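Here is the naming used below: chain letters follow the sequence lines, and residue numbers restart at 1 for every chain. Bear in mind the structure is a predicted one, so any value in this text is a computation, not a measurement.
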Number of protein chains: 2
Amino acid sequence: MRMRATMKDVAALSGVSLKTVSRVVNGEPGVSEELIQRVQSAVAQLDYRHNLAASNLRRGHRTGSIGVLLHDLRNPFSATLLRAIEDRARPAGVAVLSSSLDDLQEREALMAGAMVSRRVDGLVLMPTGDDQSYLFSDIRAGLAVVAVDRPARGVDVDTVVVDNAGAAQQAVAELAALGHRRIACLSDSEQIWTARERRRGYLKGMAAAGLEPDERMVVANLRSSLEATQATLELLDSAEPPTAIFAARNDLTVGVVRALRQRGLQRAVALIGFDDFPMADLLEPAVTVIAQDLEALGARAADLLFARMQQGSAPSQHVEVATTLVLRESGAIPPAASR
Amino acid sequence: MRMRATMKDVAALSGVSLKTVSRVVNGEPGVSEELIQRVQSAVAQLDYRHNLAASNLRRGHRTGSIGVLLHDLRNPFSATLLRAIEDRARPAGVAVLSSSLDDLQEREALMAGAMVSRRVDGLVLMPTGDDQSYLFSDIRAGLAVVAVDRPARGVDVDTVVVDNAGAAQQAVAELAALGHRRIACLSDSEQIWTARERRRGYLKGMAAAGLEPDERMVVANLRSSLEATQATLELLDSAEPPTAIFAARNDLTVGVVRALRQRGLQRAVALIGFDDFPMADLLEPAVTVIAQDLEALGARAADLLFARMQQGSAPSQHVEVATTLVLRESGAIPPAASR
DNA sequence: GCCTAACAAGACAACGTTGTCATTGAGAAG
DNA sequence: CTTCTCAATGACAACGTTGTCTTGTTAGGC
C-alpha cells in the first residue's frame, strides 16, 4: 500500500515549486506551457488526487457539500426529495451527505451536529423536534438552512411546505359531497407538524360539511402501516363502522388498503390518502390520493438553499407548493355501497 | 454574520493553551477538572464547533465518511440499499455521501473522483461501466471499495451480488412446469451485467425445459417502464403472443402489468418479475417475483466495507446473497387461461 | 546600453487542528 | 534539604493546500 502523493511529491518529481503545482492543478494562469506539461505528466505518473479538505481549509472555508436530513430515505417520499435535491447539487459540483431521522428528535440534532462538524455549506432539514434553535449560531456563522415538508421552530429559515390542512379539508369535502357522514381519520404521531395539520384540516372539513366527528373514528399516533391496519380493522368491526376513511400519510393508506382487503370491503368503503404512492393507480380499486409534487418540493428547497448559500442574509422565504387531489376509484365510492 | 470560533478563540477566552482546548474537546485525559470546566464554558459561550476537516488533516487522514454510488436513489432498490448502508454507518459515526449514476459510465468515474477528492474512506459502488480500473491507484492508497449488485472489472474488490442467472432460470422453470411454452423475456440495457445475466438465465431455463426461444420474444435494451409497456403491447398483439412473461427488472415488471391491464389479460398471461416492488402483493393478481434481500445485500456490503476500512489488505471476498422466488398469483396462471 | 514593464516562478505564512516534546510544579523518597 | 517521579500544561511543528509577496528574467522603448 503506497502512500498517497501530495503536491509536494508532484513538485519534486517535476522539479518545480509547490505553488506552481497548485497553479496547474487549479488551472490558474501564469504558468508556461512547458511547466504545465511537466506537472501534468508528474500528476499522472504519481496518480495525484487533489485534496479538497486541505484546499478548503486555506480557501474561503466552503466545502462544496450539503447535508440532507429527511424522514426515511427508503420511503419514496424522502427518496424522491433526495433525488430532486441531488439533481440540483450535481451540476454545481456539490456533494450530498444524507441521513434518515426516523422522526427521532435526538437524532436530528446529532446528525445536524455531525454535518456541521464536517462544515457543510447548507442543510435541507425535515424537522422532527419542535425546536430547531440549536441551529441558530451555525446559521449566524453562515450555514444555509432550508426546512422542507414542515416548518422549523425557534429559528427563522427558508421553508417549503404544502397546504396540509387545506388539502385534507378538500379531501373530506370530496367524501362529504358523496354523502358520507361517518368519515374516519387515521394519522401519525401528533409530534409531527404535518400530522397535526392534516388532522386539523380533517376537522375543518367535517365542520364545513356540518358533520360532528365521532371521536372514536379519529385515530392519531399511528406509528406504522401495521398499526394502521390494526386500527382500521377495529373501526370496521365496530358497531358503527365508517363509510369512508381519510388516511393522513402514504404508509397509513397502504395499511388501510390491507385492512379493507382483509374484510373484503375495498369496494364498499371510500378511501382518500395523503401522499401519492407507487402503484396506487394499479390497485383495485385505484386509490384516490392527495399528491404532492415532490420533484417541485425538492427542487424548490434546493433552489432556496443554493440561493442562500450564495448570499446569506436576505429575508427568509416561505414557499407553499400546490397539492393535487388525484381522483381515482377509491374516493368515489358512495356510502350506499356499505350496506 | 459572526465568524466561526476556532480553538484559538476558545483558548484565549478560557486563558489556556490551544493544546489544552484540543485535549478537552477530544476528551483526552490529563487535564485538571478546573480547566475542563473553564474550557467547556468557553466552548458553550462561543458556540465552538469542532472542525473535522482540519482534524483529519493532522490525524491519520481518515475522514469518517464513505461514498455510495448507486443506480437511482429514488428507485426502491437503490433507496433500500442506501438505507441499509446508512444504518451501519450511523452507529460508527461515519457520514454517507451518495449519488445516483443513472447507469451513465462517465458519471460513475466523475462522482467517484469527486468522492476521492473529499477523501472518503470507502466506496460502495454499483458499477455502471465495464471497467473500474480507474480505481486502482486509489485502492492501493487505501481506499476501501465494495461492488454491489454487479461485479467490478479491472480491479479486484469485495463484491456482493445475487445469482441472477440461477434465479432467472428458476423463474423460467416455474413457468415451464405450468406448461408454458411461449415465454417472453424483457430485459434492460445489455450494457448492464445483471441484465445480461438474467437474460442468460432465461435462455438456460428455456433450454433446460427443452424449449426453443422465439427470438421475437426476447426483447432487450428496454430503458424504462414505458418502453416495457410498449414492447409488451406489441408482443400481445402479435400473431403468436406469449402465454407467460419474464421481466428482468422491477420497473419493467410494472410496465408489463400496465400493458396486461390495458388488454385485460392480467389473469390470462403469466408473469414473473425480477426484484420485488412495493405493493406487488396488493395488485390483482398479485405479482410473482424473484425477491432480493436488499437489507441483507446492503448490510453485507457495509460489513465488507467497514472490515476492509479496518485492515486494508486481505484477499477480496465475493459474497452471493440468496434470492427468494415469492410465489404469488401472476406466476401461477396456466397457459390454458390464454385461449 | 539602460530603464521599465510584464510576466513566470518560487518562498513563506496561514488555514484549524493534533502529535511530540519540553517545561513546570508538587509531592515522595532518600 | 535534595533528588526523583509524575502529572498537568504549553510551545512548536506538521498535515496538504493556497494567498500574498518577492525575486528573477526577458522584451521593448528610449
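- Neither OP1 nor OP2 of dA9(C) sits under 4.0 Å from any side-chain N or O of Ser17(A).
- Side chain of Arg90(A) to main chain of Ile85(A): no donor-acceptor pair is present (N/O by atom type, distance under 3.5 Å, no hydrogens or angles).
- Atom NZ in Lys8(A) sits roughly 14 Å away from atom C1' in dC12(C) (whole-Å rounding).
- At a threshold of 4.0 angstrom between heavy atoms, the contacts of Val25(B) with the nucleic acid are absent.
- Of the candidates dG16(D), dT18(C), dA11(D), dG16(D) carries the atom nearest the Ala54(A) side chain, counting heavy atoms from C-beta on.
- The CD atom of Glu34(A) sits 12 Å away from the C1' atom of dA9(C) (whole-angstrom rounding).
- A close approach under 4.0 Å does occur between a side-chain nitrogen or oxygen of Arg59(A) and OP1 or OP2 of dG19(D).
- Between the side chain of Arg308(A) and the backbone N or O of Ala314(A) there is at least one donor-acceptor pair closer than 3.5 Å.
- OP1 or OP2 of dT18(C) sits under 4.0 Å from a side-chain N or O of His50(B).
- Close to dG16(C), at under 4.0 Å from its OP1 or OP2, lies no side-chain N or O of Thr6(B).
- Under 4.0 angstrom from either OP1 or OP2 of dT17(D) there lies no side-chain N or O belonging to Ser22(A).
- For dC15(C), the OP1/OP2 oxygens have no side-chain nitrogen or oxygen of Asn56(A) closer than 4.0 Å.
- For Met7(B) and dG10(D), the CE to C1' distance is 15 Å, given to the nearest whole Å.
- Panel note: side chain Gln105(A), backbone Thr128(A); no donor-acceptor pair is recorded below 3.5 Å.
- Contact annotation: Thr20(A) side-chain N/O to dA9(C) OP1/OP2 distance is not under 4.0 Å.
- If you take CZ of Arg119(B) and C1' of dG16(D), they are 9 Å apart, rounded to a whole angstrom.
- At whole-Å resolution of the value, NE2 in His61(B) and P in dG16(D) are 5 Å apart.
- When the C1' atom of dA8(D) is taken as reference, atom CZ of Arg23(B) falls 8 Å away, rounded to whole Å.
- Thr80(A) places a side-chain N or O within 3.5 Å of a backbone atom of Pro76(A) that can act as its donor or acceptor partner.
- Under the 3.5 Å distance criterion, the side-chain polar atoms of Gln132(A) are left unmatched by any main-chain donor or acceptor of Val155(A).
- The CD1-P distance, from Ile36(A) to dA8(C), rounds to 9 Å in whole Å.
- Side-chain N/O atoms of Ser32(B) include none lying less than 4.0 angstrom from OP1 or OP2 on dA7(D).
- Taking the nucleotide of DNA chain D with the nearest heavy atom to each of Asn51(A) and Lys19(B), the more 5' of the two is matched to Lys19(B).
- Proximity of a side-chain donor or acceptor of Asp158(A) to a complementary backbone N or O of Ser316(A) within less than 3.5 Å is not detected.
- Both Tyr48(A) and Leu18(B) lie near DNA chain D, and the one whose nearest nucleotide falls closer to the 5' end is Leu18(B).
- Within the 4.0 Å cut-off from OP1 or OP2 of dG19(C), not a single side-chain nitrogen or oxygen of Arg58(B) is found.
- Residue contacts shown for Glu28(A) are limited to sugar-phosphate atoms, with no base heavy atom under 4.0 Å away.
- As rounded to whole Å, 15 Å separates atom C1' of dG16(C) from atom CG of Leu46(B).
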